[in-house]
Structures are given as structure tokens and as C-alpha cells.
Protein chains: 2
Amino acid sequence: MNSMPHNVTIEDIAAEAGVSRQTVSRAMNGMPRISEKTRARVLEVSERLGYRPSRFASNLARVAKAKTVGLVVDSLRNPYYSELAAELLDAASLNGWQLTISSHENEPVLPMVARLAGEVDAVVGYFGEDNEEELLAAARGVPVVLLGRTATVPGLHSVDIDFDSGFVALIDELRRRGAARFGMLESHIHGTEYAPSSRRLAYERSTEHPSSSAVIVCEAEMQSVDAGEAGMHALLDRYPDTDTVIAFSDLMAMGALRAAHSRGIDIPSRLKVVGIDGLSLGAVTSPALTSLAIVGSPIIEQVAEVVRAALQPGAVGEQHRRAIPAPLWRESA
Amino acid sequence: MNSMPHNVTIEDIAAEAGVSRQTVSRAMNGMPRISEKTRARVLEVSERLGYRPSRFASNLARVAKAKTVGLVVDSLRNPYYSELAAELLDAASLNGWQLTISSHENEPVLPMVARLAGEVDAVVGYFGEDNEEELLAAARGVPVVLLGRTATVPGLHSVDIDFDSGFVALIDELRRRGAARFGMLESHIHGTEYAPSSRRLAYERSTEHPSSSAVIVCEAEMQSVDAGEAGMHALLDRYPDTDTVIAFSDLMAMGALRAAHSRGIDIPSRLKVVGIDGLSLGAVTSPALTSLAIVGSPIIEQVAEVVRAALQPGAVGEQHRRAIPAPLWRESA
DNA sequence: TGCGGTTGCGTGAGCGCTCACGCAATGCAT
DNA sequence: ATGCATTGCGTGAGCGCTCACGCAACCGCA
């Protein structure tokens, strides 16, 4: 009989069923100490009135509150992020967390982080070049874990990837297999200002050659396979004697493979192609893609550890920073 | 001075900073009507004491409560589900929802749905053969949307895919292009009891041929590319004059392509290969995969509509069931 | 007939926050 | 000096649930 259609609460059900709140609660949650008859009646009433228990109220009142962590990625359409999300999902279910995912494909990052922070207990994600101070402020007290970069302001955590040691091991191994003239397909998000990626820098340091030689910067969009293909053609045109190509990502490497195929170049005898990311997807190309693995490496374990630490009630103000020493060298079977 | 390290609340900060709750709230949420000096002091104190506002309390007290929908999939490692999740993520951000994802890769479904239901306002997902009554009970009043099947018990919503009309259009088009002898690669999750999929049934109805002919049942694992490859070889051995193959999924179709390549069979002149799912991934094969599109079809729009309807406060007890008439016939460019 | 144990249910008292106020102090015009 | 708006802050009163109790009514068993 209310004029305003106010939310139907546990009290309404109690009144309508002629019992107390507690009894309604017992009925809804399948608790003991209630007769089957009453339970059925309460359930009927609550269905009839369209009762929807407030998860906020119940979580507030309950002792053991559920934890949920938020993951921020560019886009789930990029298999790198979706495989990463899959791994974090495993870790989450192991720790009893829920995982809520946001992509900043459409939305601007800061408002999204702010919204997300109101709904989760920790935020982890790839925040490209976003300002750390602003992120910290947007998170409003919710711990934030930066992926793929190292936090510089206290209060932010991070799990970084140290490409240098990975690249050194990679280049060594490739040389052992006969590689001599390297090339790299670097990625550059179309329309943004170009700055060398940490992958390119690690590549240049480990191959010890001048930065300008044998690097093709590909203008990549989201699905970077095509960019890799185009880049590979460009590379083969400019540096025809290249015998080993390292691509910025597995997707680009897949494009490179396609380009090589179309030119009738045999992989890996005439040319070796190596990707970065370690996508399980890399197993479906022919031949299977060799890759510097991030997915499948201990990175997610580290993330889970950092999140676990940050979620500890006592541990505010501490900062956790890790750098995975080297992505595993993984050769997809 | 507390012996028990009880959760630090807004009240603690207020006391320590010598202000009221409300002032702390104003400081934390960047609201006006507070001097910069006080704000700074409150922020300092809250950081020092490690104050973490309770999202449950604030959401309970706030008027406009955030909505979040839960998505249940087999595994994000399967690109079909991750692309679907990406689409739902778009829809969610459009509607101002958060998206929390669970996979029942490891966990049993019912307890997971129960857990999820305590954290979200609606659950949508693929629940293979799970019992509808049990799902309904596990959801405890939270609306549930079944994907890829039609709800039979009232209280559950569903968005199904009508493969029949899609297949009729598909087969017509293929015949127009010269297809005459069809084959299908059917999928069967290894270790379970086999029952013909709705895709196989639609295939058989639309091609009007006895169920036993030209169907190879592949024992698929998660990454079904290999299964598709093996199945394709089997199919070509058994039915060598097949000129058109329809695979259960795009992944299997990719395997089929690989098998064809290895036999030197030209696609599409000698043999046409068609997948189902419409993965954007299908664009990276050579030639690009042709597919009955589910991803990219209006299915997600429909899901969003159903969720929106189910979230309406008034609309409990209503049931929403849709069947997308036909997946779009999509040819990946 | 008495007594301890179980079953079924109800009653405060919070959980930690925000909203709508209220009220003093200050500003800046007239 | 008087008026009125603005700024800065505090005070109840909830939001809708669950927990720890309490208290009858009932059971069986001696």
C-alpha cells in the first residue's frame, strides 16, 4: 500500500508472513531451527513480493566478508589479457576471491578505477602510462598493484617483468642454434607518440647492436597479427639476410609467420621467429610458436602474493614490489 | 589501545583527527564543504591508521547502489568465452554495471553459483547440463540467465541460439557456391557421455541426410584445435569426396584447415571449411575462416536486455526467454 | 511428576557508512 | 550596522541485514 515503491526488505517479508526478520533470514539462507512449514510460507511470500536480499547489508552484518579483486586490462579481445585473466581467475578461486574485470577499451582509466575501487578490495592491472599519483588518488584507499612496470610512489604495489635477463638467455640460446643476424618487430600503438618499449630496449641491450638497425616499428592496432605480417615484409625487404626475428608479441609473431610462409621461407631452418607472451594460442600455428613466456610464468603467483599481503588488515602502508627476474624461455610444443 | 585489532572504521579516524564522521567522509570522497587544511589532516590520519572504507557499508547507505553482473563460463582460456566476455564487458560498461567472472574450470558449479550470488545482482552463464532447479535454489533470489539453452522452469531466464534457421541459410549459401557433399566435425568432451549437440542436430536437419553419414565425432579437450585436425584427417579418410566441412567450433575449424594444408588440399577451391562461433581469431588464419557467428551477433544485446529487465525492481516473477533466430552468417574478411 | 535437552521462534544490538538536516562563523554587499 | 548568502563542520536517523541471546513449547526418560 506504499505510494513510493520502496525496496522490499526483509522486514516486509516478515510482516507479510507473520514472522520475525530472523525467521525470514533462516528461511532464505537454509539455516536450521525453523520448521519446514514456516520456511515454505516465507519462501512463497518472498517470491510473491519479489524480495531480493541486499548483498550489501548482509555482507556488512556478516563476520567473514567476501573479498573481490578487480583486474584492469586493455581489452579481453586481446588473447594476452584474456589468458592472463584466466590465470588470475585460477589464483582467485584458490584464494577464495571473486574477480571483477574492467577494460579501458572505451572508458577513460581514472573514473573507471574510481568506480571499480568502490566495488572491490584490491585493484591490479596494466595501466599504460597513467600517472601514479592520480591512480593512487582514484583508488581511494584500495590497494593497487601495477603490472608490467615498477611503482615509484609509495602506496602503490607492482609486479614488473625484467626483460633484460630473459632476453640475454633468449639470445644466447638462439645463437647456440645458429642465429647470427637478429631483427625485431617493435610495436607502436597507432596514433600515440612513440617511445621505445622495454622489450625493444632489452632486445638492443642483449644483442648489443645500435638501436637503429634491424628494428621495424609496426603501427599496431588491437589485433596486431596484420601489423606483424606487414612489419615482417618490411623487415625482410630492408634486411634480407636476417635469420632470426623477435616479435613484440605472439600475435605479431603469428603475423610474421604468415608473411614468411607467403614468401616461401621455411621456418625455422631459414628463419627463426620468436614471440613474446607465451600464449597458449601459439601452440596452434604451424610450426608452433616459440615464445618468451609471460603467461604461464610465475608472474601471476607473484601478483597473488602481493594481493594477499595487501589485503592483510594490518599491512597498510607497506609497499610490495617485485620484478620477475626473467620470463621463462618456453618453447610451445 | 584496543587489544583486539578490530577493523579501523570511519569513527576511529574521526576521533584521531578530532573531527566528526561526516568530515572524514567529506575528506575521503572529495566532497565540498571542507577546508583544505582539515582534508589534508584527515587524509594523513587515515593513511597512518590504515583506514579502508567498507564498500559494503557505503553502498548500503548510499542511494544509488552499484550493480554488478556475474558471468559464468567454462574457461577464459577458451577464446569463445573470452570474446563473449569481452562483448559482455562492453555491454556492462554501457549500462554502468561491473562484471565479475567465474569459470567452473576447477570448482563445482553449484557452490560457485551460490558464492557468486552473494556478490552480484544477476548471474548469466553457460551451465552445460546443470539442473535448473538446483541452479535456481543456489542463486537464492538472484536472477539467472541461461545461455545457449532454453529455461524450462519459471524463474530462470534464458537466451538461446536457434541453430536451425542459421544452418538452413548457411547450407543454402554453401550450395549456391557449389557445395554438394557435406561433412561435419562434431565435438564431444572427452570422458563424458556422448549426446548429439544441438549444432549436429541442426546440421542434420538442414542437410537432410541420415545422421550416421559424414559426421566425425571428435574427442575434444579444452584446446580443440588438435581435435579438429585429427577429426579432419579421419573425415577425409572415411569420406574422401567431401567438399564442404562444417566444424563444431572455430577452433576445430582451424585444426581442420591445418589438416587440409598438410594434405595439400586447397581451400576453398577443393574444400570449403566453415566454423561456428565467429571468433575474431578466425581472421588470422589463411585463408580467413568462414563462420556462423555467435560472437558479434545480437546475442549479447539480448542478454543485456534480459539482465536489464531482470534488474528492474518491480519485475520479479517475470520470465524472459529469447531465442536468437539465426546466428549471422559472417565471413571473416 | 520432574528435569534436562531439543526445536522453533523473537528481540535487541550492532555492522560502517551516508543523507538530510542544523547551526555557528565568516564573507560581502547594502 | 544590517541583511543574507556561503563556508565549515557536527548530529540524529537510518540503509537492510546477521549475530548472540532469550524464552516458551515440546520431547523423552527416569
Side-chain angles (χ1 to χ4, degrees), chain A residues 2 4-43 45-46 49-67 117-119 121 140-142 313, chain B residues 2 4-43 45-46 49-67 117-119 121 140-142 313:
Chain A
N2 268 328
M4 226 286 270
H6 97 123
N7 238 320
V8 25
T9 81
I10 199 174
E11 209 81 50
D12 301 331
I13 307 304
E16 176 78 14
V19 296
S20 72
R21 283 166 308 172
Q22 185 59 15
T23 301
V24 175
S25 177
R26 279 190 271 251
M28 296 298 298
N29 299 357
M31 303 173 129
R33 290 181 156 265
I34 180 176
S35 73
E36 273 317 311
K37 212 189 307 171
T38 327
R39 186 193 301 277
R41 180 158 42 93
V42 169
L43 256 31
V45 169
S46 85
L49 299 202
Y51 171 48
R52 220 108 89 191
S54 153
R55 59 196 174 93
F56 297 119
S58 83
N59 274 292
L60 178 58
R62 207 195 319 264
V63 275
K65 291 113 187 332
K67 295 291 181 198
E119 283 278 295
D121 303 290
R140 295 226 227 95
V142 174
Chain B
N2 269 326
M4 225 286 270
H6 96 123
N7 237 321
V8 26
T9 79
I10 199 174
E11 210 82 49
D12 302 331
I13 307 303
E16 177 77 13
V19 295
S20 72
R21 282 166 308 174
Q22 185 59 14
T23 301
V24 175
S25 176
R26 280 190 270 249
M28 297 297 298
N29 299 356
M31 301 173 131
R33 291 182 154 263
I34 180 178
S35 72
E36 273 315 312
K37 213 188 306 174
T38 326
R39 187 193 301 277
R41 180 158 41 94
V42 169
L43 256 30
V45 169
S46 85
L49 298 202
Y51 170 50
R52 220 105 91 191
S54 154
R55 59 197 174 92
F56 298 119
S58 79
N59 273 293
L60 180 58
R62 206 195 316 266
V63 277
K65 294 113 186 337
K67 295 292 180 195
E119 283 279 294
D121 303 290
R140 295 228 228 92
V142 174

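Here is how names work: the chains are called A, B, and so on, in the same order as the sequence lines, proteins then strands, and each is numbered from 1. Basis for what follows: all heavy atoms, side chains included, without hydrogens, waters or symmetry-related copies.
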Which pairs, protein N/O on one side and nucleotides 6-8 of chain D N/O on the other, fall under 3.5 Å?
from   : atom 1 : to     : atom 2 : distance (Å)
dG8(D) : N7     : R33(B) : NH1    : 2.9
dG8(D) : O6     : R33(B) : NH1    : 3.2

Please list each protein N or O that sits under 3.5 Å from an N or O in nucleotides 26-28 of chain D, with the distance.
none

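Shown for residues 14-21 of chain B: residues whose heavy atoms fall under 4.0 angstrom of DNA chain D, namely G18(B), V19(B), S20(B), R21(B).
Between E11(A) and R21(A) the shortest side-chain heavy-atom distance falls below 4.5 Å. Proximity of M28(B) to S46(B): side-chain heavy atoms (C-beta onward) are separated by under 4.5 Å at one or more points. Counting heavy atoms from C-beta outward, R140(A) and N29(B) have side chains that approach closer than 4.5 Å. With a 4.5 Å cut-off on side-chain heavy atoms, V142(A) and R52(B) do not count as touching.
Applying the side-chain hydrogen bond (donor to acceptor under 3.5 Å, both in side chains) rule to T38(A) yields the partners S35(A); only residues at least two apart in sequence or on another chain are considered. Here R26(A) pairs with nothing under the salt bridge (charged side-chain N to carboxylate O under 4.0 Å, His left out) rule; sequence neighbours left out. Partners of R55(A) by side-chain contact (heavy atoms from CB on, under 4.5 Å), not counting sequence neighbours, listed by chain and number: N59(A), E119(A), T68(B), D121(B). Evaluation of the side-chain contact (heavy atoms from CB on, under 4.5 Å) rule for S58(A) yields R62(A) as partners, not counting sequence neighbours. Listed by chain and residue number, V19(B), R41(B), V42(B), V45(B) satisfy the side-chain contact (heavy atoms from CB on, under 4.5 Å) test with A17(B) (two or more places apart in sequence, or in another chain). In this view, A40(B) satisfies the side-chain contact (heavy atoms from CB on, under 4.5 Å) rule with no residue, not counting sequence neighbours.
Distance check: I13(B) CD1 to L49(B) CG gives 4.5 Å after rounding to the nearest 0.5 Å. Note that OH of Y51(B) is 10.0 Å distant from CG of N7(B), once rounded to the nearest 0.5 Å.
In 5' to 3' order, the nucleotides of DNA chain C bounding all contacts with chain A (an atom under 4.0 Å from a heavy atom) are dT7(C) to dG16(C).
Axis deviation across the helix from dT1(C)-dA30(D) to dT30(C)-dA1(D) amounts to 30°, comparing end segments of five pairs, rounded to 10 degrees.
No contact: N59(A) has no heavy atom under 4.0 Å from any strand.
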Q: I would like to know whether I10(B) and S25(B) meet side chain to side chain contact (heavy atoms under 4.5 Å, CB included); could you show each step before the answer?
A: CA-CA 8 Å; I10(B) 199 174; S25(B) 176; 4.0 Å; yes
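Residues V8(B) and G50(B) share a closest heavy-atom pair of CG1-O, 3.5 Å. Of all non-hydrogen atoms in A14(B) and S20(B), the two that sit nearest each other are CB-C, 3.7 Å.
When each of M31(B) and R41(A) is assigned the nucleotide of DNA chain C bearing its nearest heavy atom, the one mapping closer to the 5' terminus is R41(A).
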